[in-house]
Number of protein chains: 2
Amino acid sequence: MKSNFNEKQIQILEVAEVLFAEKGFDGTSIRNIAKVAKINVAMVSYYFGSKERLLESLIVYRTSDLKNQLDNLLQEDLEPIDKINKLIELYINRINSNRGIYRILHFEFTSKKREQNLQAFSELKKGNLKSLETIIEEGQKKGIFRKDVIIPLITPTILGTFFHFHMNKPFFENLLNLKTEDLYNNYIKTNLTKHIQQTIKALLIYES
Amino acid sequence: MKSNFNEKQIQILEVAEVLFAEKGFDGTSIRNIAKVAKINVAMVSYYFGSKERLLESLIVYRTSDLKNQLDNLLQEDLEPIDKINKLIELYINRINSNRGIYRILHFEFTSKKREQNLQAFSELKKGNLKSLETIIEEGQKKGIFRKDVIIPLITPTILGTFFHFHMNKPFFENLLNLKTEDLYNNYIKTNLTKHIQQTIKALLIYES
DNA sequence: GTTTAAATTAAACGCTTGTTTAAATTTGTT
DNA sequence: AACAAATTTAAACAAGCGTTTAATTTAAAC
């Protein structure tokens with residue numbers, strides 16, 4: 001898919017992503033973005049109209065191809081539990097390599113004041129949930145998954161675990177001795193991913 | 001435990017809590033706090049020194065008695081799994097009835113720029129983890145809990161699930177038809193709490 | 001090469017920010 | 001009642017905010 005933004009716009013968007021993620025939307029000024037991106041303050045208004053619209057553009061720019069990735073996964077020929085594991089891996093990989101925008105989404109779109117812009121984001125989440133539902137129902141029909149799980153609460157467990165870990169990065173770096181960025185990333189890719197997969201598997205398959 | 005803050009200070013703190021939670025630290029101005037609390041803008045500086053120190057005071061004011069609650073739980077005469085369930089309930093109840101401050105902690109103390117104030121908060125988290133560890137090791141000794149779980153990752157699953165649900169409140173209100181505040185609260189108290197307990201139990205007890 | 005449109009700039013706009021000042025008021029003590 | 005200390009106030013401060021303006025430079029079209 002070709003992007004609707006030109007070079008200059010992308011340059012601004014990517015600086016904005018870093019700064020919004022680092023210091024929040026309110027904590028970042030247009031002058032701050034302009035300085036880092038080495039452009040004039042007026043360029044943001046010129047290209048995006050306003051600071052608020054810059055944020056919207058950023059979200060469009062970064063989340064437009066997730067749905068495709070999920071659809072591809074659904075059509076693979078795998079056992080339900082393997083699909084779940086792959087979905088967890090996909091989520092974590094994706095969020096982990098787009099930390100900036102997901103941090104921004106997490107921080108800015110949970111507050112009341114931005115509820116009006118929520119629609120596109122909300123549709124994205126509903127689509128994601130639908131994909132998960134499809135996989136789980138398939139597993140239930142096959143008699144592999146238990147039927148008393150509340151499917152909409154599984155996403156919070158997957159994403160919430162990851163986010164809570166990542167949002168408390170300094171704490172866990174210290175606690176688990178993850179001194180370098182590589183060690184930290186590796187811990188996410190292996191231990192944290194495995195923990196989440198293990199947790200969801202236990203939840204779906206366990207029979208008391 | 002008696003509070004170190006006088007009436008006027010508490011009045012300011014509680015308004016600040018509401019506004020910080022609602023609009024974020026950067027999104028809330030001292031004049032905004034002053035207007036809602038019906039005091040003069042200068043009073044914040046007079047009583048707390050600065051806006052930043054107001055935030056620190058707020059955290060002290062709201063988190064000073066959690067440790068006691070956890071210690072009491074540890075000394076109860078219960079099976080490990082019941083202690084875990086009670087701990088989950090305690091966490092959720094506590095966070096749920098102090099949503100403001102936990103939202104603020106979650107939002108403000110995960111960004112790089114406030115890392116220096118993190119120490120007191122970090123100690124709190126370490127203490128909480130220690131309590132959880134004690135319970136799980138007890139269960140492992142008794143042969144009830146599996147031994148290949150990564151204990152520090154259980155807290156992210158418990159709290160992360162809750163937070164992710166709560167941070168996406170508008171989405172889940174819509175999805176699950178929780179039209180009133182009462183319905184929403186009740187869903188947390190019953191279904192969400194049960195989901196988390198079920199998840200952690202499955203994780204701890206499941207044997208492949 | 002001239003004309004037209006797009007991009008970029010510096011400067012200014014009015015407004016809000018956190019904090020300080022110094023004067024006024026209230027409260028407590030003798 | 002008189003004094004001192006604590007509290008509260010309105011006003012001012014400099015600095016930063018998002019956005020707009022109008023002039024200038026660059027690029028494209030003819």
Side-chain angles (χ1 to χ4, degrees), chain A residues 2-61 104 107-109 111-114 116-117, chain B residues 2-61 104 107-109 111-114 116-117:
Chain A
K2 217 191 143 202
S3 175
N4 294 316
F5 301 108
N6 64 39
E7 268 186 49
K8 221 36 338 119
Q9 285 178 302
I10 290 176
Q11 176 190 351
I12 296 171
L13 285 171
E14 294 189 341
V15 169
E17 180 178 29
V18 173
L19 295 181
F20 286 165
E22 213 170 81
K23 316 196 288 176
F25 182 78
D26 289 323
T28 305
S29 72
I30 291 188
R31 283 170 176 80
N32 198 183
I33 295 170
K35 186 182 264 177
V36 177
K38 286 169 188 157
I39 49 130
N40 189 278
V41 273
M43 298 303 284
V44 171
S45 296
Y46 178 73
Y47 275 125
F48 300 97
S50 71
K51 191 186 175 188
E52 198 87 21
R53 300 249 307 275
L54 169 65
L55 175 59
E56 289 174 42
S57 297
L58 178 56
I59 289 158
V60 171
Y61 176 60
I104 296 164
F107 272 48
E108 304 303 335
F109 280 76
S111 65
K112 289 230 165 82
K113 72 173 162 171
R114 265 184 257 290
Q116 69 276 15
N117 317 38
Chain B
K2 217 189 143 202
S3 176
N4 295 315
F5 301 107
N6 65 39
E7 267 186 51
K8 221 45 327 119
Q9 285 177 303
I10 290 176
Q11 177 191 350
I12 296 170
L13 285 171
E14 293 187 342
V15 169
E17 181 179 26
V18 172
L19 295 180
F20 286 165
E22 212 170 83
K23 317 198 287 175
F25 182 77
D26 288 322
T28 305
S29 71
I30 291 188
R31 281 171 177 80
N32 197 184
I33 296 170
K35 186 181 265 178
V36 178
K38 285 170 189 158
I39 50 135
N40 189 277
V41 273
M43 299 303 284
V44 171
S45 296
Y46 178 73
Y47 275 125
F48 300 98
S50 71
K51 190 187 174 188
E52 197 89 21
R53 300 248 310 274
L54 169 65
L55 176 60
E56 291 174 39
S57 296
L58 177 57
I59 288 156
V60 171
Y61 175 60
I104 295 165
F107 273 49
E108 303 303 334
F109 279 78
S111 64
K112 288 235 164 78
K113 71 175 163 170
R114 268 185 255 290
Q116 69 276 16
N117 317 36

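As the structure is a computational prediction, the values presented were derived from the model and not from experiment. Below, chains carry the letters A, B, ... as their sequence lines are ordered, and counting in each starts from 1.
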Just checking Phe48(B): base, sugar-phosphate only, or nothing, at a heavy-atom cut-off of under 4.0 Å? nothing
Anything below 3.5 Å on both distances counts as a pair; with that, list the stems of at least three consecutive Watson-Crick or G-U pairs involving DNA chain D. C:1-27 with D:4-30
Applying side-chain contact (heavy atoms from CB on, under 4.5 Å) to Asn40(A) and not counting sequence neighbours gives Ala42(A), Met43(A)
Scan residues 35-43 of chain A against DNA chain C and write down, sorted by residue number, each residue with any heavy atom closer than 4.0 Å; if none is found, say none. Asn40(A), Ala42(A), Met43(A)
Kindly write out the residues that satisfy side-chain contact (heavy atoms from CB on, under 4.5 Å) with Ser45(A), not counting sequence neighbours, or none if the list is empty. none
Could I get the full list of side-chain contact (heavy atoms from CB on, under 4.5 Å) partners for Lys35(B), not counting sequence neighbours? none
Side-chain touch Ile12(A)/Phe5(A), heavy atoms, less than 4.5 angstrom: no
So where does chain A start and stop touching DNA chain C, 5' to 3', when the test is distance under 4.0 Å to a non-hydrogen atom? dA6(C) to dA12(C)
Output for pair (Tyr46(A) OH, Ile39(A) CD1), nearest 0.5 Å, gives 12.5 Å
According to side-chain contact (heavy atoms from CB on, under 4.5 Å), who are the partners of Val41(B), at least two apart in sequence or on a separate chain? Ile30(B), Arg31(B), Ala34(B)
Of all nucleotides in DNA chain D with an atom under 4.0 Å from a non-hydrogen atom of chain B, which is the first and which the last going 5' to 3'? dA6(D) to dA12(D)
What is the distance from atom OG1 of Thr28(A) to atom NZ of Lys51(A), rounded to the nearest 0.5 Å? 6.5 Å
May I have all residue pairs that pass salt bridge (Lys or Arg N to Asp or Glu O under 4.0 Å) and include part of residues 6-19 of chain B, sequence neighbours excluded? Glu14(B)-Arg62(B), Glu17(B)-Arg62(B)
In Å and rounded to the nearest 0.5 Å, what is the CZ to CG distance from Arg53(A) to Leu58(A)? 14.5 Å
Between CZ on residue Phe20(A) and CG on residue Leu13(A), distance to nearest 0.5 Å: 9.5 Å
Contact class for Ser45(B) vs. all strands (heavy atom < 4.0 Å): base, sugar-phosphate, or nothing? base
With rounding to the nearest 0.5 Å, note down the distance linking CD in Glu52(B) to CZ in Phe25(B). 4.5 Å
Atom CD1 of Ile33(B) and atom CD of Gln11(B): how far apart are they, to the nearest 0.5 Å? 12.0 Å
Side chains of Gln9(A) and Phe48(A): does their closest heavy-atom pair fall under 4.5 Å? yes
